[in-house]
Protein chains: 2
Amino acid sequence: MDLRQIRYFVAVAEEANIGRAAARLHISQPPLTRQIQQLEAELGVTLFNRTPRGMETTAAGEMFLEEARNIRSLIEQATERTQRAGQGRLGRLDVAIFGSAILDVIPKVLLAFRTRYPDVKVVLHTMTKAEQLEALQQKRITAGFNRMLAPLEGIETRLVATESLLLAVPAGHPLASKETLRFRDIEAHPIVLFPTGGRPSFIDRVIHYCQESGFEPEISQEVGDAVTAVALVASGFGVCLVPSSATTLRFPGVVYRELAEVPSGFFVDLSCIYRTGDRSPILAGLLEIIDEFREVVPRHQNPSPPQPSP
Amino acid sequence: MDLRQIRYFVAVAEEANIGRAAARLHISQPPLTRQIQQLEAELGVTLFNRTPRGMETTAAGEMFLEEARNIRSLIEQATERTQRAGQGRLGRLDVAIFGSAILDVIPKVLLAFRTRYPDVKVVLHTMTKAEQLEALQQKRITAGFNRMLAPLEGIETRLVATESLLLAVPAGHPLASKETLRFRDIEAHPIVLFPTGGRPSFIDRVIHYCQESGFEPEISQEVGDAVTAVALVASGFGVCLVPSSATTLRFPGVVYRELAEVPSGFFVDLSCIYRTGDRSPILAGLLEIIDEFREVVPRHQNPSPPQPSP
DNA sequence: CATCTCGATACCTTTTCGGTAAGATCTGCC
DNA sequence: GGCAGATCTTACCGAAAAGGTATCGAGATG
């Protein structure tokens, strides 16, 4: 069987006349006769009764007409869906985020993506940095969001946002009442760090800041993610350095304070990671949106060019 | 697009390798390459990423693979359903019956048909004889059941059953108690006749019997169908001649009596009517079942060869 | 009975499909 | 680093299939 034969059959069935059907198909009549005969031979069924007035569908022909129309509409649908998938307007986007990346900019990016590509199903997976890299290579996800990324073979990164760092302080804490807070002021106070697992991470960065400023931090506790860290701050475990987007986390008993006289490079990047050479148009659409958002993002604080202390 | 291309595409997608796919399709590799290229060109979409290890479906390719499998299964279904329709094992049978034909043999025939052809939907229409003939010509029905049919242009008949005639008598009626009942005994009693409309009908036949036996019947009432007639008999309107199959109608206060010394041709035929030249295999199936049933049918009475009165 | 309509058949031309041979590119191995 | 192997692509040729023209045959029509 052949789609041509199906198209021809429908024309003949609808016109009930080979000559007219041939005209409609822009071919001459004899080849059409032959195609119909071949179709009947292949199915082993008489589809038309030949009358002196033309062609009249049999019951089997009527059945085949119905199915033929189904086939044609399915093919139309297949074509359209494939083309839309090719343009990235239809399909599925598997994205991994780390625990506290649900804050602020990432939901905004994903919301914009879903609005622009309503027929792309966005599936969110929660994964650590290491899990994201593995999942990327196994193609279980198309993109991941993370911070503190070292350049890696086969993985590309795209900057989403650069965030300044704030200090989360319990409301009654001595530091909460100071007017201007300098980085060195942290020295005397226990500090909560995150995330555990997957070094180098933000923890190493914070320790490095402290050493650069000339002191060793007193580590109160290491926890898995920012949300837990801020919760511990609320309970009085100590203070904690968090990306500015964490201010979306309004925790009773916790206030966020900007710091002056900060060490150099006192900010963190949030990036999107994906496979090098991934030409998926859906990924391209996501990156495009990320690019649009990046210009708008740093609103809690300037993109923090390393501030020399006065 | 072409079913060949779809078949080829599925093979390549499943093998992820043009060479192996070509082997599976029993063609050489270059034509396969070309068909895939043509398919991609026609869709305007890249379906595969060419890697040094083989062919890897893109997201669009994945989408098309899914649709391609749907298309193939739909075509398989179309083929099978059409073939079954061609053999009369799938489709629809529109049958017309007259009011009281629901008795006895016709339900049995239709039940047997539905058992043998479970995928043929049987649709029953209630029509008078005239309506049946019109519906047949307009192809609204495939077959009808009726009695007393005159030969007609374009209509074929097939005998379903030949039934003897019985006399329906009210329980307390003088005739109900007689030991042997002869046809002439009817003479003194009012008679209920059916069906009205569409002469010549059973009514004329009964009147003819009476005249042949040498008397004019006293007509109590003419009604539309046998069921009504028997109901009137129960109410004391008179007696009534009914086909033997009417004994399925067990009406309180009505008894059925056989008659002796009957006129010649004292029976009625029940026939199936259909269009001359209708080659529908479903109709053929119905006629086949009717033929099988006819041999079994006359069980209330012998097929009633005209009995010469002694 | 001549004529018209419609589908089927015969025969030829053109298109398309599949096969063979050779090219280009990347991987992996010694 | 160069060479063998695998894989897809390109080029060209013969074979199969599709379409076109001319004609036939059967049934309807005036």
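Small disclaimer: the values here were computed from a predicted structure and weren't measured. Residue numbering restarts at 1 for every chain, and letters A, B, ... go by the order of the sequence lines.
Residue B:Y8 places at least one side-chain N or O under 4.0 Å from the OP1 or OP2 atom of C:dG18. For D:dT10, one of the phosphate oxygens OP1 or OP2 lies less than 4.0 angstrom from a side-chain nitrogen or oxygen of B:Q37.
Every residue meeting the side-chain hydrogen bond (donor to acceptor under 3.5 Å, both in side chains) condition with B:D94, not counting sequence neighbours, appears here in chain and number order: B:R92, B:H125. Applying the side-chain hydrogen bond (donor to acceptor under 3.5 Å, both in side chains) criterion to B:E62, with sequence neighbours excluded, gives B:T57. When the side chain to side chain contact (heavy atoms under 4.5 Å, CB included) test is applied to B:S201, the partners found at least two apart in sequence or on another chain are B:P195, B:R199, B:I203, B:D204.
Nucleotide D:dG19 holds its C1' atom 13 Å from the CZ atom of A:R7, rounded to whole Å. Rounded to an integer number of Å, the gap from B:N17 CG to D:dA6 P is 11 Å. Taking atom CD of A:Q38 as the reference point, atom P of D:dA16 lies 15 Å away to the nearest angstrom. In this structure, B:E40 places its CD atom 12 Å from C1' of D:dC8, rounding to the nearest Å. Per the geometry, CD1 belonging to B:I36 stands 11 Å off P belonging to C:dG18, to the nearest Å. The separation between A:R50 atom CZ and D:dG25 atom P is 19 Å, rounded to whole Å. In this structure, B:N49 places its CG atom 13 Å from C1' of D:dC8, rounding to the nearest Å. For the pair A:R20 CZ and C:dT5 C1', the interatomic distance rounds to 11 Å; values are reported in whole Å.
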When you check every protein heavy atom under 4.0 Å of nucleotides 19-30 of chain C, what one-letter string (B, S, -) results, 5' to 3'? BBB----SS---
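Open room surrounds CZ on B:R53; 12 or fewer heavy atoms of other groups in view lie less than 6.0 Å from it.
For B:T33, taking side-chain heavy atoms from C-beta onward, the closest of the listed nucleotides D:dT7, D:dT10, D:dA18 is D:dT10.
Atoms CZ and CD1, from B:F145 and B:I97 in turn, are 8.5 Å apart once rounded to the nearest 0.5 Å.
Listed by first and then second residue, the ring pair (Phe, Tyr, Trp, His ring centres under 6.0 Å) pairs involving residues 72-98 of chain A amount to none (not counting sequence neighbours). Legend: ring pair (Phe, Tyr, Trp, His ring centres under 6.0 Å) pairs involving residues 27-72 of chain B, not counting sequence neighbours, sorted by first then second residue: B:F9-B:F48, B:F9-B:F64.
Both A:T51 and A:R4 lie near DNA chain C, and the one whose nearest nucleotide falls closer to the 5' end is A:T51.
Using a 4.0 Å heavy-atom criterion, one finds that B:F48 contacts no nucleic acid atom at all.
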